[in-house]
Colleague: 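Below is one structure. I have some questions about it.
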Amino acid sequence: MFNLTKLEHTLRLKPHLLSLSLEEAVKGELESLFVDKVIANLGLCISVYDIESIDGGFIFANEGAPTYTVKFRLIIFRPYVGEIVSAKLKESNRNGLRLTLGFFDDIYIPELLMPEPSHCKPDEDHKNQVIWTWLFNDEEYFIDGHDEIRFRVQNVKFPEIPKEQIGTKPFAPMEITGSLVSDGGLGPVSWWV
């Protein structure tokens, strides 16, 4: 779920940061550039783990700031396919579920990857939402948002940035598709206690 990724980046250090130690100034700039951002085909950057080297410090013509080449490692969130992850319900609709980890909200369980047989009915407490129900051995098991939900990662994708916004849904640079289909153990934790 979390990986260390080594990167190299050319970084221009603004003059007002030169009063700080070099490593402190570089780390601050790296954090502002990468933390809480999705790096295509890598994942969501959680933190700068360490700085391995800082080279350069050249001041190019017509610039008043030094430029460094920095080698560093980042802590990246990117679950692997097949991994079991626990999340909370963010919203539900006729298309399926949307889950959240607290720091990442673009996890989707589509209707086709719900346990069979499942159906949904309108949620009287939350307008425009539904409650999904799984029928097993003549008992109904609800996905109502009270428990953590365990799911298996089916796919992690990094969609291309659209040229223009379509609809009201904001662009998500990383999306995880999950599944609740299994021989047991997936779905709300209360199902299996």
Side-chain angles (χ1 to χ4, degrees), residues 1-60 63-91 96-110 113 145-162 165 169-180 185-186 188-189:
M1 182 180 317
F2 295 98
N3 305 299
L4 275 179
T5 301
K6 186 175 182 178
L7 293 177
E8 184 174 311
H9 186 72
T10 302
L11 182 69
R12 184 173 175 265
L13 207 56
K14 297 174 185 141
H16 74 276
L17 297 173
L18 295 176
S19 62
L20 301 172
S21 71
L22 181 60
E23 189 160 318
E24 187 180 344
V26 167
K27 187 172 183 177
E29 283 297 291
L30 290 174
E31 286 173 344
S32 68
L33 284 172
F34 292 104
V35 173
D36 289 335
K37 295 178 179 74
V38 172
I39 302 171
N41 300 320
L42 282 180
L44 174 66
C45 178
I46 302 297
S47 175
V48 175
Y49 183 73
D50 64 3
I51 297 172
E52 293 184 352
S53 69
I54 302 171
D55 296 323
F58 303 109
I59 299 176
F60 295 105
E63 289 188 19
T67 301
Y68 296 94
T69 301
V70 184
K71 291 181 184 175
F72 57 99
R73 292 188 296 176
L74 298 174
I75 298 173
I76 300 287
F77 166 74
R78 181 185 179 169
Y80 57 87
V81 172
E83 183 173 4
I84 305 297
V85 180
S86 293
K88 292 290 250 174
L89 182 67
K90 183 164 179 84
E91 62 184 68
L97 306 173
R98 182 176 179 201
L99 307 178
T100 180
L101 294 171
F103 63 90
F104 184 78
D105 295 338
D106 294 309
I107 303 168
Y108 300 96
I109 313 289
L113 296 175
H146 296 296
D147 298 319
E148 279 194 345
I149 299 171
R150 288 191 186 129
F151 68 95
R152 176 177 286 113
V153 176
Q154 290 291 112
N155 186 21
V156 178
K157 70 177 182 176
F158 299 89
E160 286 189 32
I161 298 172
Q165 183 72 31
K169 181 183 171 198
F171 172 71
M174 181 170 99
E175 294 179 355
I176 298 172
T177 302
S179 171
L180 299 183
L186 299 183
V189 175

Colleague: Is any side-chain heavy atom of Ile176 closer than 4.5 Å to a side-chain heavy atom of Phe77?
Modeller: yes
Colleague: Which value, rounded to the nearest 0.5 Å, describes the distance between Ile46 atom CD1 and Asp36 atom CG?
Modeller: 7.0 Å
Colleague: Determine the interplanar angle of the Phe72 and His9 rings, folded into 0 to 90°, and report it as parallel if under 30°, tilted if 30 to 60°, perpendicular if over 60°.
Modeller: perpendicular
Colleague: To the nearest 0.5 Å, what is the distance between CZ (Phe171) and CD (Glu160)?
Modeller: 9.0 Å
Colleague: Taking side chain as C-beta onward, heavy atoms only, is Leu33 less than 4.5 Å from Leu11?
Modeller: yes
Colleague: Roughly how far, to the nearest 0.5 Å, is the CG atom of Leu97 from the CD1 atom of Ile149?
Modeller: 5.5 Å
Colleague: With a 4.5 Å limit on heavy-atom distance, are the side chains of Leu89 and Glu148 in contact?
Modeller: no
Colleague: Hey, are the side chains of Leu42 and Arg78 touching, using non-hydrogen atoms and a 4.5 Å cut-off?
Modeller: no
Colleague: Return the CG to CZ distance between Asp50 and Arg73, rounded to the nearest 0.5 Å.
Modeller: 4.0 Å
Colleague: Please report the closest heavy-atom contact between Pro159 and Pro173, naming both atoms and the distance.
Modeller: CD-O, 3.5 Å
Colleague: Is the count of non-hydrogen atoms from other residues, nucleotides or ligands lying under 6.0 Å from Phe2 atom CZ greater than 12?
Modeller: yes
Colleague: Do Asp147 and Lys88 sit within salt-bridge range, that is, some charged N less than 4.0 Å from a carboxylate O?
Modeller: no
Colleague: Would you indicate whether the side-chain heavy atoms of Leu13 and Tyr68 approach each other to under 4.5 Å?
Modeller: yes
Colleague: Check whether any side-chain heavy atom of Val156 sits under 4.5 Å from a side-chain heavy atom of Met174, and report yes or no.
Modeller: yes
Colleague: Between Ala87 and Leu99, which heavy-atom pair has the shortest distance, and what is it?
Modeller: CB-CB, 3.9 Å
Colleague: Looking at Leu4, I'd like to know if its CG atom is crowded, meaning that more than 12 non-hydrogen atoms belonging to other residues, nucleotides or ligands lie closer than 6.0 Å.
Modeller: yes
Colleague: Rounded to the nearest 0.5 Å, how far apart are CD of Glu29 and CG of Leu20?
Modeller: 10.0 Å
Colleague: Quick one: does Lys90's side chain have a donor or acceptor within less than 3.5 Å of a partner on Gly102's backbone?
Modeller: no
Colleague: Would you sort out whether Phe151 and Leu186 count as a side chain to side chain contact (heavy atoms under 4.5 Å, CB included), showing the intermediate values?
Modeller: CA-CA 5 Å; Phe151 68 95; Leu186 299 183; 5.6 Å; no
Colleague: Is any side-chain heavy atom of Ile39 closer than 4.5 Å to a side-chain heavy atom of Leu74?
Modeller: yes
Colleague: Say whether, by atom type as modelled, one donor and one acceptor occur between the side chain of Arg150 and the main chain of Val189 under 3.5 angstrom.
Modeller: no
Colleague: Roughly how far apart are Phe58 CZ and Arg12 CZ, rounded to 0.5 Å?
Modeller: 16.0 Å
Colleague: For Cys45 and Ile76, work out which heavy atoms get closest and say how close.
Modeller: CA-CD1, 3.8 Å
